[in-house]
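Working notes, structure below.
Just follow the structure's listing: the first ligand is 1, and inside any ligand the first atom is 1. Please read these numbers as outputs of a predicted model, since none were measured by experiment.
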Amino acid sequence: MHGFSYKSGSLHCEEVDLNSLATTYGTPLYVYSGGTITDHFRRLDEALSGVPHEIAYAVKANSNLSVLRLLAAQGAGFDIVSGGELFRVIKAGGDPGHCTFAGVGKTRAEIIYALNEGIYSFNVESEDELRYLNQVAGELGLIAPAAVRVNPNVDAKTHKYISTGKSENKFGVDFESIADLYERASNDLPHIRLRGLQMHIGSQLTSIAPFIEAVEKVTPLVRLLKQRHGIEFWSIGGGIGIVYHNSLESGAAGWWQQREGTDAPLTIERYGQELVPRLKDLGLKILLEPGRYIVGNAGVLLTRCLYEKKGLAKTFKIVDAGMNDLIRPALYEGHHEIVPLTEPASDERVMVDVVGPICESGDFFCQDRELPDFQPGECVALMSAGAYGFAMASNYNSRPLPAEVLVEGATARVIRHRQDLDALIEGES
Ligand SMILES: *Cc1c(COP(=O)(O)O)cnc(C)c1O
C-alpha cells in the first residue's frame, strides 16, 4: 500500500486532503504516510518470518527524526553511514546496540563515537579500514564488533550510479579475498571481534534474480566463516526496488492506471519466498538493510505551478520545487509520476516538460510527458518521493529547505519546519 488516493476529487494522504496541506504549510512540501511506512516494515518482517532476522532501516533514505522514531517503535534497527546518522538515531530513541555502520570512508571521530555508543557492528569495506578500526579500538581499550562487506561481483541490473556489487564498484572486498582476510584478522587484530558478513549489491533492484545469485554465490563463504570464525550474522543488504511508474495503488480511481509501462513489480512476498528457504538452515541471524522499500512510496513532494511557457519546441510547466528539493531525476534519471492534487475533470492530455526554478538545464521533473493540463496556481504531487528525496535536498541557489509533514490517519503534523532565511546563512561570516 502507499496511502495516496483521490477522495471527492482531491488527492489524499490517508485521511488528509493534500490541497489543504499545501495551502496551510506552503510548497514545496514533503508529505509522508506514517501508515504506509509501518505497513511496509511489517510486511517485510512477515515475509522473513521463516528465518531469524532483524531489519536495520537504511537511515540515509529518509533520516527525519519522526520517521526514525516511528520505525524504532516498530522494533527496527538502523543501518547508518555516518556519525551524523548515529546522532539522529540516538536522538530519535533508537538503540545503538541495533545499529550497523556502513560506508567506505569512516573517520576517526566517527569510529570513536560509534565505539563509545556500543553499536552492533562496523561493516568494514577494506583491510586498511579493518586494521585502523583495530588500532582505534585498542587505544580506547575496547573490542570493535565487525563484519566485512563482501563484493560478490553480481550485476544488480540497476542504474550504474546505484549498482554497488560489481568488482569495478568502490564497495566491499573482493569475494575471493574474504576468507584470507578473516584468517589474518583473527590472527593479527586482537581488538576486532568478527561478528558477521555483509553485502549490498545495489539499489532499486526490480528483479529477484540478482538477489538469488548473490545469496547462492556467497552462501558457501558464509558457512566457512561461521565454522572457522563463529560469525553470528549475515547481512544481505537492502536494495529492494519499488514501483515508480503508475505508482498509485491499483484499484484506486485514477487516470494514470490506464497507462502502459508499469515496472515489473518485485513483491516483498516473492522476496521472502525465494530467499527464506535459501537462508533458513544457516544457523545465522539474517540482517536486512532496506531504505527505499520502507519509505519510497510513502512520501510525495507537493509543488505548485507558477507559470506556463509555450516555446517554439515545447511547453514548460514551471513549478516551485527544484532539483535542490528532489534531485533523483537529475542525478540518475529517476522517474516520478506527476499527479494533480485536484482530480482532472477530463481525459485531455498535453505534452509538457515540468521544470523547476533552478539555473540548470538538468532541473526538470519530466520531459515530453503527457499530463493533464494543470494551470498556474494548481498543485501537483511528485509521487514516490519518500526515499532519497528530502535526504538529498540542498540549499543550491540559496533556496531554503522544504518543510516535511507526517500524516497518521486524519492527523497531520509538521515534522520539520520550512527553513527560514536566517537559517540559510547560519554559521557564515
Ligand atoms: C544505501 C544502502 C542501503 C539501502 O539501500 P535501498 O536501496 O534504499 O534499500 C543498504 N545498505 C547499504 C550498505 C547501503 O549503502
Exercise. Just by modelled atom types, is the I415 backbone N or O under 3.5 Å from a matching donor or acceptor in the N64 side chain?
Worked result: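 Judged by distance alone, yes, a pair lies under 3.5 Å.
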For residues 325-332, run the donor-acceptor check on the side chains, cut-off 3.5 Å, and write out each pair with its distance to 0.1 Å, sequence neighbours left out.
from : atom 1 : to   : atom 2 : distance (Å)
D325 : OD2    : G322 : N      : 2.9
D325 : OD2    : R399 : NH2    : 2.8
R328 : NH1    : H336 : NE2    : 2.8

Taking only heavy atoms of [X] into account, list the atoms of ligand 1 that are under 4.0 Å away from them.
X	answer
G238	9 (O), 10 (C)
D79	11 (N), 12 (C), 13 (C)
Y388	1 (C), 4 (C), 5 (O), 6 (P), 8 (O)
A102	13 (C)
R292	6 (P), 8 (O), 9 (O)
R149	13 (C)
P290	9 (O)
A58	3 (C), 4 (C)

Exercise. For atom 1 (C) of ligand 1, which protein heavy atom lies nearest, and how many Å away is it?
Worked result: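 Atom 1 (C) of ligand 1 sits closest to the protein heavy atom K60 NZ, 1.3 Å.
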Exercise. Considering only the protein, which heavy-atom contact is closest to atom 13 (C) of ligand 1, and what is its distance?
Worked result: E289 OE1, 3.5 Å
Exercise. If you round to the nearest 0.5 Å, how far is CG of N324 from CG of D363?
Worked result: 7.5 Å
Would you mind writing out the side-chain donor-acceptor pairs for residues 135-144 within the sub-3.5 Å range, not counting sequence neighbours?
from : atom 1 : to   : atom 2 : distance (Å)
Q135 : NE2    : E139 : OE2    : 3.3
E139 : OE1    : R108 : NH1    : 3.4
E139 : OE1    : R108 : NH2    : 2.5

Just distances here: any N/O of [X] and N/O of ligand 1 closer than 3.5 Å?
X	value
G239	yes
S203	yes
Q198	no
Y293	no

For this session: Can you label the angle between the H229 ring and the Y182 ring as parallel, tilted or perpendicular, going by 30° and 60°?
Result: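 Correct class here is tilted.
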Exercise. Would you call the rings of Y120 and F233 parallel, tilted or perpendicular, where under 30° means parallel and over 60° means perpendicular?
Worked result: tilted
Exercise. Among side-chain atoms of Q74 and T38, is any donor-acceptor pair under 3.5 angstrom?
Worked result: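 No, because no side-chain N or O of Q74 sits under 3.5 Å from a partner of the opposite role on T38.
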For this session: Would you check if there is a donor-acceptor pair between the side chains of R278 and T219 at a distance under 3.5 Å?
Result: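 No.
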Exercise. Is the NZ or CZ atom of K60 positioned over Y388's six-membered ring, under 6.0 angstrom from the centre and within 45° of the axis?
Worked result: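 No, K60 does not sit over the ring of Y388.
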